[in-house]
K.L.:
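The structure's right below; bear with me while I get my questions together.
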Amino acid sequence: MATQLKRTELIFKEDVDYSALIHKIMKMGKDKFISELIESGLKGRGGAGFPTGLKWKIVKEDPSPVKYIVCNADEGEPGTFKDKEILEKASEKVIWGMTLASYITGAKEGYIYIRAEYKYLSTKLKIAIDRMEANIKTLGINFKLGLIFGAGAYVCGEETALLQSMEGFRGEPTNKPPYPVNSGYLGKPTVVNNVETFVNAMIIAEIGAEEYKKLGTKASQGSKLFSVSGDCSKEGVFELEMGMTVQQFVDEFGDGDTKAVQVGGASGFCVPRKEFKNTIIGFEGVPTGGSMKVFNSSRSMYNILENYLIFFEEESCGQCTPCRVGTQQLLQGIRAVKRKEKPKTYLDELLRLAYTMKYASKCGLGKSVGNAFRSIIENFREEIVY
Amino acid sequence: MISNNEEFISQLADKYGRNRESLLPILHEVVDQLQYVNEESMVNIAKELDISAADVYGTASFYAFIGTHEQGKHVIRVCQTIVCDMKHKEDIVDAITELIGIKPGETTHDGKFSLYYTNCLGACHKGPAMLINDEPYAELTPEKVKNILVSYMKK
């Protein structure tokens, strides 16, 4: 029984008069809009899920005369391509979302940190930025927006690494605290939000928290873009309400022979068929930045896990030992088990290593390697061994 | 005597500034113009920004898209991550190898092409995918990739 998924069409809706919308918020007042944003329950759409309203509030209340707004467009999570789609189809909405953040927090400068792989979008973005900067003059907002390009480093999607990269250093994550909201770009209070989060802030500005909350569930409000790929009946970017089960998702997008769904990219979780019905996609179940990769029964889970580990081993920034050595050992370990150089019980040792990485790694990269590793080993152990 | 490189880097510093945060934009443009950041450029960038050359190298070598070794005029990056892998990215690489005679990690003798594997390009739904310099290409077939490369050979 296929249940209909709840589709929404808010994110790519472009027929909005953005300067009129900002004008409306200016009349409403900064504090009122922040309450609205908090009330809406909007959580960061990059994957970590920090409440957006709270983030803006902290930066707004900081007395520093210099503050920054940064859009994290360093979309590198395997299987994620929704930010690219937003930047292609709704770039104005992102830019105005950043303008809204600038008005609310009092930041006068902002940057879009965009991965080098998306450099071809820069002309389009520059035109949209020029148009916005011309428009806000009449509103009396002073906000300058620039583009900064990444250079092929997945870890720079982690906000502290992103800030390091923006400052011209190696993209190595730093310890938190201090958090970017207190000490971000060049040591100043900084709002760092994902592309989709800025768009959602504009949606809330348009329809209000009350309407927004009607979408999704109590823990996961609003709609979400999903990047769907793999063995699917249809691939692409789809806007859906959060809170569906993996089964509902598979009924809609699977090819009829779905064995597993990787929710949240290489750093997310692998959900096997037997768990489809009782796994909710959202913050109350498996959270996702939007990556949904579908695998059918012709796929070897060993190959998938090996591919992920090659990815992590290459992308680990190398500064902390648990992640640098851990990613290498996990990769060598599963290869050794596959070649029968190690007994199958060696996988249990590797699981303990993944557990250690989760607690001892410095940033989200090393902490999340164990997610896919554990969920694939625990559910598909025989495919790894034989 | 001022070498050309010194002048070139100095112009970039005028354009992007001489702060630490100017480093990445400068490195990007050096790659755009010279294909990779050679030793001479690193030393000159260090002078302009008043940091050590080791620091410039340390930063440049961190980033996969900032080449620090000689590479071709056209850099081909084929996505190796899972969905492109499932969609037979190796057929794409084989077609490239067959046409221009290089394997991933190599550069053609005429200095025209370099070939690398890269991580997720964000085109999983349209895989297999690759980048040539800044230009993305998706839904590739061995036939299609050969036509694309031929168009670059003429450039």
K.L.:
Using non-hydrogen atoms only, which part of A:Leu186 is less than 4.5 Å away from chain B: side chain, backbone, both, or neither?
P.N.:
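Contact with chain B is through the side chain of A:Leu186 alone.
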K.L.:
Residues two or more places apart in sequence or in another chain: which of them pass side-chain contact (heavy atoms from CB on, under 4.5 Å) with B:Ala64?
P.N.:
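Listed in chain order: nothing, the list is empty.
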K.L.:
Could you tell me which of A:Gly171, A:Gly76, A:Ala153, A:Pro78 has the largest number of non-hydrogen atom pairs under 4.5 Å with chain B?
P.N.:
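Winner by heavy-atom pair count: A:Gly171.
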K.L.:
Between B:Ala60 and chain A, with a heavy-atom cut-off of 4.5 Å, which part of the residue counts as in contact: side chain, backbone, both or neither?
P.N.:
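No part of it gets close to chain A.
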K.L.:
State, to 0.1 Å, how close B:Cys124 and A:Gly79 come at their nearest heavy-atom pair, and which atoms those are.
P.N.:
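Heavy atoms only, the tightest pair is SG-CA, 3.4 Å.
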K.L.:
Measure distances from A:Val294 to the heavy atoms of chain B and classify the residue's part below 4.5 Å as side chain, backbone, both or neither.
P.N.:
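For A:Val294, backbone heavy atoms alone lie under 4.5 Å from chain B.
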K.L.:
So for B:Leu131, is it side chain, backbone, both, or neither that comes closer than 4.5 Å to the heavy atoms of chain A?
P.N.:
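The side chain, not the backbone.
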K.L.:
Heavy-atom distances under 4.5 Å only: say whether A:Cys317 touches chain B with side chain, backbone, both or neither.
P.N.:
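A:Cys317 touches chain B through backbone and side-chain heavy atoms alike.
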K.L.:
Give me the atom names and distance for the closest heavy-atom approach of B:Ile66 to A:Ala151.
P.N.:
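Result for this residue pair: CG1-CB, 3.8 Å.
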K.L.:
Should B:Ile82 and A:Phe295 count as side-chain neighbours, where that means a heavy-atom distance under 4.5 Å?
P.N.:
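Side chain of B:Ile82 against side chain of A:Phe295, heavy atoms only: contact under 4.5 Å found.
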K.L.:
Run the numbers on B:Val83 and A:Phe81 for side chain to side chain contact (heavy atoms under 4.5 Å, CB included), then give the verdict.
P.N.:
CA-CA 12 Å; B:Val83 181; A:Phe81 38 87; over 6 Å; no
K.L.:
Scan the chain A/chain B interface and emit each donor-acceptor pair under 3.5 angstrom with its distance.
P.N.:
unit_1, atom_1, unit_2, atom_2, d
A:Lys84, NZ, B:Gly122, O, 2.7
A:Arg115, NH1, B:Cys120, O, 3.3
A:Arg115, NH2, B:Cys120, O, 2.7
A:Lys119, NZ, B:His28, ND1, 3.3
A:Phe149, O, B:His28, NE2, 3.4
A:Gly150, O, B:His28, NE2, 2.9
A:Ala151, O, B:Ala64, N, 3.3
A:Ala151, O, B:Phe65, N, 2.9
A:Ser165, OG, B:Tyr63, OH, 3.0
A:Glu167, O, B:Glu21, N, 3.4
A:Gly168, O, B:Arg20, NE, 3.0
A:Gly168, O, B:Arg20, NH2, 3.1
A:Phe169, O, B:Tyr63, OH, 2.7
A:Arg170, NH1, B:Gly58, O, 2.7
A:Gly171, N, B:Tyr63, OH, 3.2
A:Glu235, OE1, B:Lys87, NZ, 3.1
A:Glu235, OE2, B:Lys87, NZ, 2.8
A:Asn307, OD1, B:Ile82, N, 3.0
A:Asn307, ND2, B:Gln80, O, 3.0
A:Glu314, OE1, B:Gln80, NE2, 3.1
A:Glu314, OE1, B:Asn119, ND2, 3.1
A:Glu314, OE2, B:Gln80, NE2, 3.3
A:Glu315, OE2, B:Asn119, ND2, 2.7

